[in-house]
*Asks:* 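Pasting a structure below so you can have a look.
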Amino acid sequence: LPSLSLSLSFQQPLELTRKILRDKQNKKNSGQPIPVFPSWVYERPALIGDFLIGNSLSTDTTVPIGTLPLASQESMIVEDLLYVLIGVDGRYITAQPLVGRQNRAFSVDPNLDLSIKELVTRILPVAASYSAVTRFIEEKSSFEYGQVNHALAAAMRTLIKEYMILITQLEHLQRQGLLSLQKLWFYIQPTMRTLEILASLATSVDKGECMGGSTLSLLHDKTFNYTGDSQAQELCLYLTKAASVPYFEILEKWIYRGIINDPYSEFMVEEHELQKEKIQEDYNDKYWDQRYTVVQQQIPSFLQKMADKILSTGKYLNVVRECGRDVTCPVAKEVIYTLKERAYVEQIEKAYNYASKVLLDFLMEEKELVAHLRSIKHYFLMDQGDFFVHFMDLTEEELKKPVDDIITTRLEALLELALRMSTANTDPFKDDLKIDLMPHDLITQLLRVLAIETKQEKAIISADPTELTLSGLEAFSFDYIVKWPLSLIINRKALTRYQMLFRHMFYCKHVERQLCNVWISNKTAKQFSLHSAKWFAGAFTLRQRMLNFVQNIQYYMMFEVMEPTWHILEKNLKLASNIDDVLSHHTSFLDNCLKDCMLTNPELLKIFSKLMSVCVMFTNCMQRFTQSMKLDNEMDRLTLEHGTMLGPPTEEERAEETAKKKLTNKV
């Protein structure tokens with residue numbers, strides 16, 4: 001009973017550790033719980049193979065060893081030692097209860113002859129090491145500790161089996177009366193070093209609570225530390241090779257096929273449950289950045305330099321796999337642990353190059369990435385001139401309404417008509433273009449995008465839409481349907497940037513059209529009366545300045561910013577060697593466009609917005625004034641032709657009107 005209670009008290013903290021690990025792993029592998037040993041495996045202390053504290057070998061009355069002659073003492077102690085060396089208490093040597101993580105201590109009968117006692121104390125560290133290794137093997141064989149620790153425990157068990165064979169051979173000699181204490185000391189010495197190293201490794205793994213990659217890092221570092229001690233290094237190399245097999249199996253599946261099979265969370269790459277469909281609504285590049293992440297503590301030290309390439313290799317293959325295509329690296333070779341890191345580097349490089357090429361070819365050729373980007377450029381960066389003329393002519397009246405009064409389906413129908421009537425009809429991806437009426441103006445949208453991943457993000461996203469009622473023109477934008485896997489490159493963040501550029505240029509185009517309309521209507525102003533001629537001269541000059549400004553700013557954005565930057569993007573995409581390069585070049589293209597179009601500076605944008613507002617106010621004012629002048633002119637014409645109630649116009653009135661007309665024509 002005392003031994004059972006001590007054993008159970010020792011098992012309690014271990015059971016708690018196992019439960020924490022099990023809960024964590026089951027949470028990750030929902031629907032596929034990890035297996036567990038039945039409770040009796042832990043509750044029956046005799047199965048552990050370590051000392052049972054409080055249980056002596058026999059219930060026979062022990063003869064006081066001090067009363068025996070030296071030869072008998074030696075014989076008795078040799079027999080005791082053979083028991084103690086395999087984890088069973090002897091008559092005169094017994095194991096002490098464990099205190100924390102300390103090594104096993106033993107109590108030796110104080111009446112033992114000093115010369116014998118001296119040799120016994122030299123041999124007992126072997127029993128202490130055996131006790132530590134046995135406990136480690138039993139503990140780490142539980143499912144919760146992961147496959148690397150299972151493999152390490154299995155390799156240690158093989159060595160312990162060899163050790164047990166040695167003890168059996170020594171027992172055979174002892175029974176024949178051929179084993180003295182000196183001989184036992186001689187035979188046990190080579191094993192002493194082995195068990196000491198095993199116990200040291202077991203203690204280090206326990207202390208560091210190592211699993212998976214961290215266990216391999218510890219083993220690798222120990223192997224290197226034993227450089228110069230060939231026997232110790234060979235032993236550590238054997239253990240590391242054995243322990244690395246399950247880890248390398250996970251690694252091979254990842255870098256050669258893009259699959260993670262890691263039930264115990266031991267691998268350096270961790271998978272997170274993210275739905276690729278959400279990439280359409282997400283402002284951040286979450287899917288690409290967060291679906292698979294590197295877990296620093298699970299990177300074995302010998303793979304540290306290659307961690308990023310290992311992550312990218314599997315990610316590339318995984319994207320192709322999620323598109324329904326089975327991929328397997330043709331240069332796949334088994335990865336075997338070695339102290340020469342170059343071997344890993346070459347294998348991982350080959351796998352990485354293959355994965356990069358497969359995904360890049362898949363996106364560029366099969367999914368026509370560049371053609372999709374070109375299609376987006378046609379509409380969002382406004383390089384299809386005739387399409388926009390048609391579209392703006394068709395939708396001008398509709399877009400003047402408040403955004404709440406606009407019927408989206410009507411706009412969609414007009415968009416379809418404009419696409420079919422223009423050169424955009426030849427674009428194979430034109431049907432992916434959609435109408436989007438935004439709930440906020442361009443400045444609000446700009447602030448939302450600039451605030452992404454900053455403290456202000458939540459405040460801006462949760463803010464109410466613009467308080468003032470937006471017109472259709474202010475809210476109008478295009479949207480584009482992007483399917484997986486192109487949505488990795490043309491994600492919501494990229495589309496939002498395209499939308500900002502489009503809305504900026506679309507509004508400029510609208511203002512230009514308004515100013516041109518004023519110019520057309522002003523042609524009739526030359527017929528107006530003399531007293532307004534001076535006023536008109538100033539208004540015409542202002543209109544021309546506004547028109548020059550708007551046209552020049554459009555020219556600058558389209559021909560000095562977007563076109564050169566687009567050519568650089570196309571050139572870079574041809575030279576890109578992997579998908580990360582493509583992402584980087586595309587993001588750089590959009591960032592440069594936004595920056596050079598003055599959209600990344602909210603202050604500049606506000607100034608520009610005010611200038612545009614002034615232009616619109618001016619055009620509205622001029623249109624109203626021209627309209628009223630037309631009405632006045634019409635009234636005067638009717639008066640001249642038919643006269644008033646006072647009678648027909650006099651000769652004097654007719655001469656004055658002719659003089660006014662001549663003066664206006666000169667202006």
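As a basis for the values below, the full set of heavy atoms in this structure was taken, side chains included, without hydrogen atoms, waters or symmetry mates.
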*Asks:* Let's go through I568 and N592 carefully: what are the C-alpha distance in whole Å and the side-chain angles of both, what is the deciding distance for side-chain contact (heavy atoms from CB on, under 4.5 Å) to 0.1 Å, and is it a yes or a no?
*Replies:* CA-CA 11 Å; I568 292 167; N592 289 338; over 6 Å; no

*Asks:* According to the salt bridge (charged side-chain N to carboxylate O under 4.0 Å, His left out) rule, which pairs have a member within residues 565-575, sequence neighbours left out?
*Replies:*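 Every salt bridge (charged side-chain N to carboxylate O under 4.0 Å, His left out) pair that includes a residue of residues 565-575, provided the two are not neighbours, is R374-E570.
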
*Asks:* Roughly how far, to the nearest 0.5 Å, is the OG1 atom of T587 from the CG atom of L569?
*Replies:*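 Spacing of CG (L569) from OG1 (T587) equals 10.0 Å.
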
*Asks:* Indicate the atoms forming the closest heavy-atom contact of W254 with I310, along with that distance.
*Replies:*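 Distance-wise, the nearest heavy atoms are NE1-O, 2.8 Å.
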
*Asks:* Is there side-chain contact between C597 and F608, with heavy atoms separated by less than 4.5 Å?
*Replies:*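 Not touching, per the 4.5 Å side-chain cut-off.
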
*Asks:* Is it true that a side-chain atom of D479 and a backbone atom of Q499 form a donor plus acceptor pair closer than 3.5 Å?
*Replies:*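 Flag not set: sc D479 to bb Q499 has no pair under 3.5 Å.
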
*Asks:* Counting N and O atoms only, with roles assigned by atom type, does the side chain of S356 sit under 3.5 Å from a partner on the main chain of Y316, one being a donor and the other an acceptor?
*Replies:*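 Answer holds: no.
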
*Asks:* Can you confirm if the aromatic rings of Y247 and Y337 lie within a centre distance of less than 6.0 Å?
*Replies:*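 No, ring centres 6.0 Å or more apart.
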
*Asks:* Would you name the heavy atoms of A242 and A151 that are closest together and state the gap between them?
*Replies:*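 Smallest interatomic distance, heavy atoms only, reads O-CB, 3.4 Å.
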
*Asks:* Taking side chain as C-beta onward, heavy atoms only, is M598 less than 4.5 Å from I607?
*Replies:*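 Side chain of M598 against side chain of I607, heavy atoms only: no contact under 4.5 Å found.
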
*Asks:* Would you say S375 and Y480 are linked by a side-chain donor-acceptor pair, where the criterion is simply a distance under 3.5 Å?
*Replies:*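 Checked: Y480/S375 side chains pair up, N/O donor to acceptor below 3.5 Å.
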
*Asks:* Nearest 0.5 Å, what's the NZ-CG distance between K253 and D262?
*Replies:*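 Going from NZ on K253 over to CG on D262, the span is 11.0 Å.
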
*Asks:* Does a side-chain heavy-atom distance below 4.5 Å link Y256 with L317?
*Replies:*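 The answer is no; the side chains never approach within 4.5 Å.
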
*Asks:* Roughly how far, to the nearest 0.5 Å, is the NZ atom of K493 from the CG atom of L495?
*Replies:*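 With rounding to 0.5 Å, CG (L495) is 13.0 Å from NZ (K493).
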
*Asks:* Would you indicate whether the side-chain heavy atoms of D581 and L360 approach each other to under 4.5 Å?
*Replies:*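 When only atoms from C-beta onward are counted, D581 and L360 do not touch, as no gap falls below 4.5 Å.
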
*Asks:* Determine, for Y292 and K315, whether the Lys NZ or Arg CZ falls below 6.0 Å from the six-membered ring centre while staying within 45 degrees of the axis.
*Replies:*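 Not flagged: K315 not positioned over aromatic ring of Y292.
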
*Asks:* About how many Å separate CZ of R321 and CG of L359, when rounded to the nearest 0.5 Å?
*Replies:*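 Reported to 0.5 Å precision, the distance equals 13.0 Å.
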
*Asks:* Using a 4.5 Å cut-off on heavy atoms from C-beta on, say whether the side chain of D591 contacts that of C593.
*Replies:*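 Not touching, per the 4.5 Å side-chain cut-off.
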
*Asks:* If you compare all heavy atoms of Y352 against all heavy atoms of S312, which two are closest, and at what distance to 0.1 Å?
*Replies:*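 Smallest interatomic distance, heavy atoms only, reads CE1-CB, 3.7 Å.
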
*Asks:* State yes or no: are the ring centers of F224 and H220 separated by less than 6.0 Å?
*Replies:*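 Yes, the ring centres sit under 6.0 Å apart.
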
*Asks:* Are side-chain heavy atoms of F248 and I336 found at a separation under 4.5 Å?
*Replies:*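 The answer is no, as the side chains (C-beta and beyond) never meet within the 4.5 Å cut-off.
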
*Asks:* Check whether the side chains of D596 and T565 place a donor and an acceptor atom closer than 3.5 Å, and report yes or no.
*Replies:*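 Distance-only check fails for D596 and T565.
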
*Asks:* Do the side chains of L583 and I489 get nearer than 4.5 Å, heavy atoms only?
*Replies:*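 When only atoms from C-beta onward are counted, L583 and I489 do touch, with a gap below 4.5 Å.
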
*Asks:* Would you say the side-chain atoms of Q298 pair up with the backbone N or O of S265, donor to acceptor, closer than 3.5 Å?
*Replies:*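 Yes: the side chain of Q298 pairs with the backbone of S265.
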
*Asks:* Within the side chain of N318, is there an N or O that forms a donor-acceptor pair under 3.5 Å with the backbone of G314?
*Replies:*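 Pair absent, no side-chain N/O of N318 close to backbone of G314.
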
*Asks:* Once you round to the nearest 0.5 Å, how far does CG of L501 lie from CZ of F506?
*Replies:*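 Interatomic distance, L501 CG to F506 CZ, rounded to 0.5 Å: 15.0 Å.
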
*Asks:* Given 3.5 Å as the limit, does a donor-acceptor pair link the side chain of Q147 with the main chain of P263, or not?
*Replies:*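 No; judged by distance alone, with no hydrogens or angles, the pair does not exist.
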
*Asks:* Would you say CG of D308 has more than 12 non-hydrogen atoms from neighbouring residues, nucleotides or ligands within 6.0 angstrom?
*Replies:*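 Atom CG in D308 is not packed in, count stays at 12 or less.
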
*Asks:* Applying salt bridge (charged side-chain N to carboxylate O under 4.0 Å, His left out) as the test, list every pair that has at least one member in residues 547-565; sequence neighbours left out.
*Replies:*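 The answer is K377-E563.
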
*Asks:* Quick check against the 3.5 Å criterion: does E270 have a side-chain atom that pairs as donor or acceptor with the backbone of T293?
*Replies:*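 Absent.
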
*Asks:* K434 and E412: side-chain contact (heavy atoms from CB on, under 4.5 Å), yes or no, with the steps?
*Replies:* CA-CA 7 Å; K434 298 293 169 198; E412 293 275 5; 4.2 Å; yes

*Asks:* Just distance, no hydrogens or angles: give the donor-acceptor pairs under 3.5 Å from side chains in residues 362-372, sequence neighbours left out.
*Replies:*
from, atom 1, to, atom 2, distance (Å)
E366, OE1, R325, NH1, 2.8
H372, ND1, K367, O, 3.4
H372, ND1, E368, O, 3.0

*Asks:* For atom NZ of K595, decide whether the heavy atoms of other residues, nucleotides or ligands shown that lie under 6.0 angstrom number more than 12.
*Replies:*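 No, NZ of K595 has 12 or fewer neighbouring heavy atoms, counting only those of other groups under 6.0 Å.
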
*Asks:* A side-chain contact here means heavy atoms from C-beta on lying under 4.5 Å apart; do L303 and L216 qualify?
*Replies:*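 A side-chain contact under 4.5 Å is absent here.
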
*Asks:* Measure across A307 and M268 and return the closest heavy-atom pair with its distance rounded to 0.1 Å.
*Replies:*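 Nearest heavy atoms, A307 then M268: CA-SD, 4.3 Å.
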
*Asks:* Quick one: does any side-chain atom of E266 pair with a main-chain N or O of V148 as donor and acceptor, under 3.5 Å?
*Replies:*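 Indeed, once roles are kept as given, a pair shorter than 3.5 Å links the two residues.
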
*Asks:* Parallel under 30°, tilted from 30 to 60°, perpendicular over 60°: which one fits the rings of Y498 and F589?
*Replies:*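 The arrangement is tilted - the two ring planes meet at 30° to 60°.
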
*Asks:* Could you go through R420 and E416, starting from their C-alpha distance and side-chain angles, then the distance that decides it, and tell me whether this counts as salt bridge (charged side-chain N to carboxylate O under 4.0 Å, His left out)?
*Replies:* CA-CA 6 Å; R420 298 285 179 260; E416 183 79 12; 2.6 Å; yes

*Asks:* Tell me, yes or no, whether the heavy-atom count around R410 atom CZ, taken from other residues, nucleotides or ligands under 6.0 Å, exceeds 12.
*Replies:*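 12 or below, so no.
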
*Asks:* Drop me the distance from S244's OG to F302's CZ, to the nearest 0.5 angstrom.
*Replies:*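 Those atoms lie 6.0 Å apart.
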
